[in-house]
Amino acid sequence: MSDTAPRPTGNSSWYTIKEWFYEPHDYEWIKHQRSSRAIQPIFSALIGVMTIIFGLSAFFKLIGPDTPPTLVGKSLSVVMITACIVVTACWFALPFPGRFGLLAYGIFADLGIGLAVLMVTDRDSGTFGCIIFAVGGTFATLFVSAKWLIAHVLWATTITAIVFGLAYQQGEVDTTTLLARATVLFGVVTLMPIFSHLAWRALYRDARDSDRDPLTGLYNRRGLDAAIAELLERARTREECLAFIVIDIDKFKLVNDVYGHSEGDHVIQRTASRLTLHFGHYGVIGRVGGEEYLAVISGAPDKIAYLINSTNAALSDDQDSIPTTVSVGGVIMPTDSKTWAGGAPAISLASNVADSLMYQAKTAGGNGLRTTEI
């Protein structure tokens with residue numbers, strides 16, 4: 001099931017729904033979330049506890065008077081209980097999962113809940129059991145894409161409808177009571193996850209976009225400050241070099257004057273894309289001025305040196321419809337540099353020195369590079 005598609009355009013409610021449905025989903029959002037609160041362990045513990053509770057309920061059902069009457073039913077219950085124990089251990093022992101792990105857990109939960117409510121011989125109790133799908137809906141709201149959420153909702157609604165149909169056929173509950181329960185469950189199992197996901201994704205986009213440059217998608221100054229601080233601590237922990245690289249497009253005003261601002265925007269976006277390809281796997285990149293960017297990367301000294309020295313070649317191409325060059329200033333902080341002890345002021349110092357070196361390269365005619373260590 002693909003999570004990407006061309007995004008629609010427009011301003012209506014229908015556009016909002018289409019944007020939500022087609023929006024690429026960031027399955028790593030919780031890993032990228034920057035907060036002083038330890039949110040990942042909380043989510044892991046919560047999901048682990050809910051899984052073991054589901055396993056315990058299956059265990060008590062297995063040994064109680066409502067145990068499945070067939071050997072197949074009993075075997076499925078044992079498999080479900082064992083799976084819950086294993087999955088719970090994974091939530092507590094392993095790092096928070098990515099796309100594959102989250103989707104696998106969602107499918108596991110939906111299949112498990114569906115089998116559990118279908119195996120209940122007392123159909124009246126089965127109708128109450130369908131409320132557990134609301135837990136799966138909450139998980140889907142937080143951790144999977146709109147398309148996978150719709151798949152969950154269709155599954156949960158279908159199983160719930162089957163259980164209510166079987167309860168109606170059993171005839172132990174009057175029709176009015178069944179309709180009342182079905183109405184409540186339709187709201188909780190079907191409608192609430194969809195509208196909650198819509199609201200959650202809208203809030204997520206607002207929070208994400210608040211630290212992004214709207215033209216390039218790179219960090220703005222606000223987002224870059226937080227990302228650099230995080231990268232600094234990670235590099236310190238791994239004992240890696242850190243480098244600050246300031247990049248400025250040469251003679252950019254001439255591009256706007258000759259080709260127009262829309263083409264100028266295209267040049268800015270093109271440069272941002274190439275910066276992402278060149279530096280993106282090694283650090284963070286932001287647009288800090290009209291045609292100025294700051295990249296902060298970490299890694300081994302030889303890799304850092306290679307990335308900085310190849311910056312000009314990576315960003316310029318004579319075959320471009322509007323060829324441009326860049327001026328680059330780079331500052332390297334070796335692992336034994338005393339600058340590491342400076343904290344936030346060290347970040348400011350390194351950025352300012354890189355900016356000064358970039359202007360030296362520009363003053364010398366552009367399409368150049370100046371570097372130093374601090």
Side-chain angles (χ1 to χ4, degrees), residues 1-34 39 43 47 96-111 114 133-161 186-220 222-223 227 262 265-266 268-277 280-281 284-287:
M1 186 177 297
S2 174
D3 293 333
T4 61
R7 294 182 65 177
T9 57
N11 296 309
S12 64
S13 297
W14 178 238
Y15 158 73
T16 301
I17 294 173
K18 289 173 70 177
E19 181 187 42
W20 163 73
F21 186 76
Y22 288 115
E23 178 187 32
H25 188 77
D26 179 14
Y27 284 93
E28 306 290 329
W29 73 264
I30 194 169
K31 297 180 181 180
H32 300 157
Q33 186 260 1
R34 292 187 295 274
I39 190 171
F43 274 126
I47 298 170
F96 201 87
R99 181 180 188 272
F100 177 80
L102 292 171
L103 292 178
Y105 180 79
I107 293 171
F108 160 76
D110 275 350
L111 289 176
F133 276 120
V135 178
T138 301
F139 174 86
T141 296
L142 291 172
F143 298 114
V144 303
S145 69
K147 293 179 182 179
W148 280 100
L149 175 86
I150 293 298
H152 157 79
V153 167
L154 289 174
W155 168 263
T157 304
T158 300
I159 296 298
T160 301
F186 180 72
V188 173
V189 172
T190 305
L191 297 181
M192 187 177 294
I194 293 174
F195 286 103
S196 297
H197 199 280
L198 265 167
W200 162 242
R201 296 305 299 175
L203 291 172
Y204 169 82
R205 284 194 299 272
D206 289 345
R208 178 197 61 195
D209 294 345
S210 68
D211 61 6
R212 295 283 178 173
D213 170 54
L215 181 61
T216 63
L218 300 178
Y219 284 116
N220 57 24
R222 176 180 179 273
S262 62
D265 287 348
H266 172 72
I268 287 174
Q269 291 170 326
R270 183 185 70 197
T271 304
S273 296
R274 290 175 180 175
L275 277 170
T276 302
L277 287 174
H281 292 296
V284 296
I285 310 163
R287 182 184 176 207

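Values reported hereafter were calculated over all heavy atoms of this structure, with side chains retained and with hydrogens, waters and symmetry mates removed. Everything numeric here is computed off the predicted structure, so don't read it as measured data.
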Do the side chains of [Y] and [X] get nearer than 4.5 Å, heavy atoms only?
X: V188; Y: F133; result: no
X: F96; Y: F143; result: yes
X: P193; Y: L149; result: yes
X: R99; Y: W148; result: yes
X: L102; Y: F139; result: yes

task: Report the residues that fulfil ring-ring contact (aromatic ring centres under 6.0 Å, His included) with H152, sequence neighbours left out, ordered by chain and then residue number.
output: none
message: Can you tell me how far apart OG1 (T276) and CD1 (I285) are? Round to the nearest 0.5 Å.
response: 4.0 Å
- request: Measure the NE2-CZ distance between H266 and R270 for me, rounded to the nearest 0.5 Å.
  value: 5.5 Å
- line: Heavy atoms of V153 and V189 approach each other most closely as CG2-O, 4.3 Å
- prompt: What is the minimum heavy-atom distance between L215 and I268, and which atoms define it?
  reply: CD2-CG2, 3.8 Å
- request: On the 0 to 90° scale, with breaks at 30° and 60°, tag the W20-H197 ring pair as parallel, tilted or perpendicular.
  value: perpendicular
task: Applying salt bridge (Lys or Arg N to Asp or Glu O under 4.0 Å), name anything that partners R212, two or more places apart in sequence or on another chain.
output: none
- prompt: Residues in salt bridge (Lys or Arg N to Asp or Glu O under 4.0 Å) with D213, at least two apart?
  reply: R287
query: What's the verdict on side chain to side chain contact (heavy atoms under 4.5 Å, CB included) for T160 and F186, showing C-alpha distance, side-chain angles and the deciding distance?
result: CA-CA 9 Å; T160 301; F186 180 72; over 6 Å; no
query: Got a sec, which residues hit side chain to side chain contact (heavy atoms under 4.5 Å, CB included) with F108, two or more places apart in sequence or on another chain?
result: T51, A83, C84, V87, Y105
- line: Across all chains, not counting sequence neighbours, the side chain to side chain contact (heavy atoms under 4.5 Å, CB included) partners of A272 are T216, L218, Y293
- request: Answer yes or no: is there a donor N or O on one side and an acceptor on the other, between the side chain of W155 and the main chain of D110, under 3.5 Å?
  value: yes
Side chain to side chain donor-acceptor pair (under 3.5 Å) against T141, all qualifying residues, sequence neighbours excluded: none
